[in-house]
Amino acid sequence: MIEEQFVSFETARMLKEAGFDVPCFNQYTGRGTIWHCDCPENFNKSQCATSCPTQALVVRWLREAHNLHVWCEVSQYGDWFYCIDKIKPYKQYVAVSEADFSSYEEALEAGLQEAVKLIKK
């Protein structure tokens with residue numbers, strides 16, 4: 001069964017500092033444990049919790065709120081790498097990973113962290 005991939009606790013904390021304010025069904029506790037809730041909420045308003053979004057939700061938030069598109073591609077050697085594009089006023093590359101990752105999800109996680117660093121500058 002294919003399941004949605006949540007961002008890591010580290011990425012979630014970076015998102016909180018960057019102003020991520022989209023309601024989520026999951027939250028990280030202060031110790032990094034994931035709790036599922038029945039109603040979506042912006043847990044980043046709390047000092048004791050951090051919103052735990054999926055990678056896909058963060059990709060959408062970065063695209064819609066910050067004009068950044070994070071995407072991954074497989075190399076000719078079968079490893080994965082990420083790219084970050086600024087979408088408007090015209091498409092331009094902002095960053096490309098130098099490291100090769102063993103999975104799409106690992107590459108995307110690293111790309112999300114890099115994009116968050118870019119919006120915090």
Side-chain angles (χ1 to χ4, degrees):
M1 177 180 196
I2 297 175
E3 295 183 15
E4 290 284 347
Q5 181 72 33
F6 295 108
V7 298
S8 68
F9 184 45
E10 179 184 354
T11 303
R13 290 190 302 181
M14 291 173 67
L15 287 163
K16 185 174 185 173
E17 291 174 9
F20 181 81
D21 60 356
V22 180
C24 301
F25 282 100
N26 298 291
Q27 64 173 303
Y28 278 112
T29 64
R31 295 184 178 170
T33 305
I34 296 176
W35 282 18
H36 178 76
C37 301
D38 293 331
C39 296
E41 187 176 328
N42 179 6
F43 298 103
N44 285 340
K45 291 181 180 179
S46 170
Q47 290 183 338
C48 302
T50 303
S51 293
C52 177
T54 62
Q55 288 180 335
L57 181 60
V58 176
V59 167
R60 183 175 181 181
W61 177 73
L62 287 166
R63 186 177 63 246
E64 293 180 1
H66 295 282
N67 200 32
L68 293 175
H69 177 57
V70 181
W71 53 283
C72 299
E73 193 170 304
V74 67
S75 74
Q76 62 183 350
Y77 305 108
D79 294 326
W80 290 91
F81 63 95
Y82 69 80
C83 297
I84 303 172
D85 299 334
K86 186 171 184 174
I87 303 169
K88 295 176 185 175
Y90 55 91
K91 181 181 173 184
Q92 67 185 70
Y93 289 110
V94 177
V96 177
S97 64
E98 295 179 15
D100 291 324
F101 300 91
S102 60
S103 73
Y104 172 88
E105 291 78 14
E106 287 178 20
L108 184 57
E109 186 77 18
L112 295 175
Q113 288 185 2
E114 186 63 30
V116 172
K117 290 176 189 173
L118 289 170
I119 65 172
K120 287 174 63 177
K121 288 183 178 180

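For clarity, every value in this text was computed on a predicted model and none was experimentally measured. Scope of the values below: all heavy atoms of this structure, side chains included, with no hydrogens, waters or symmetry mates.
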Just to verify, what does Phe25 make a ring-ring contact (aromatic ring centres under 6.0 Å, His included) with, not counting sequence neighbours?
none
Do [X] and [Y] have side chains that get closer than 4.5 Å, going by heavy atoms?
{"X": "Asn44", "Y": "Asp21", "answer": "no"}
{"X": "Ile34", "Y": "Phe9", "answer": "no"}
{"X": "Leu112", "Y": "Leu108", "answer": "yes"}
{"X": "Thr50", "Y": "Phe43", "answer": "no"}
{"X": "Lys117", "Y": "Glu114", "answer": "yes"}

Roughly how far apart are [X] [atom1] and [Y] [atom2], rounded to 0.5 Å?
{"X": "Phe20", "Y": "Thr11", "atom1": "CZ", "atom2": "OG1", "result": "11.5 Å"}
{"X": "Glu106", "Y": "Asp100", "atom1": "CD", "atom2": "CG", "result": "11.5 Å"}
{"X": "Arg13", "Y": "Glu10", "atom1": "CZ", "atom2": "CD", "result": "7.0 Å"}
{"X": "Ser103", "Y": "Gln5", "atom1": "OG", "atom2": "CD", "result": "8.0 Å"}
{"X": "Arg63", "Y": "Leu68", "atom1": "CZ", "atom2": "CG", "result": "11.0 Å"}

Kindly say whether Ala56 contributes a backbone atom to a donor-acceptor pair with the side chain of Glu4 at under 3.5 angstrom?
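Such a contact is absent between Glu4 side chain and Ala56 backbone.
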Among Leu57, Val58, Asn26, which residue meets the side chain to side chain contact (heavy atoms under 4.5 Å, CB included) test with Phe6?
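Single pass found, and it is Asn26.
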Qualifying residue for side chain to side chain contact (heavy atoms under 4.5 Å, CB included) with Gln27, from Ser51, Cys37, Pro53
Cys37
Cut-off 3.5 Å, no hydrogens considered: what does the side-chain donor-acceptor table look like for residues 79-97, sequence neighbours left out?
unit_1: Asp85; atom_1: OD2; unit_2: Trp71; atom_2: NE1; d: 2.8
unit_1: Ser97; atom_1: OG; unit_2: Tyr82; atom_2: N; d: 3.0
unit_1: Ser97; atom_1: OG; unit_2: Ala99; atom_2: O; d: 3.4

Contact summary for Trp61 and Ile119, nearest pair of heavy atoms
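That closest heavy-atom pairing would be CH2-CD1, 3.7 Å.
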Could you pull out the closest heavy-atom pair between Ala110 and Phe101, with the gap in Å?
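Between these two residues, the closest heavy atoms are CB-CZ, 3.5 Å.
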In this structure, would Val22 and Met14 fall into the same cluster of hydrophobic residues linked by side-chain contacts under 4.5 Å?
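Yes.
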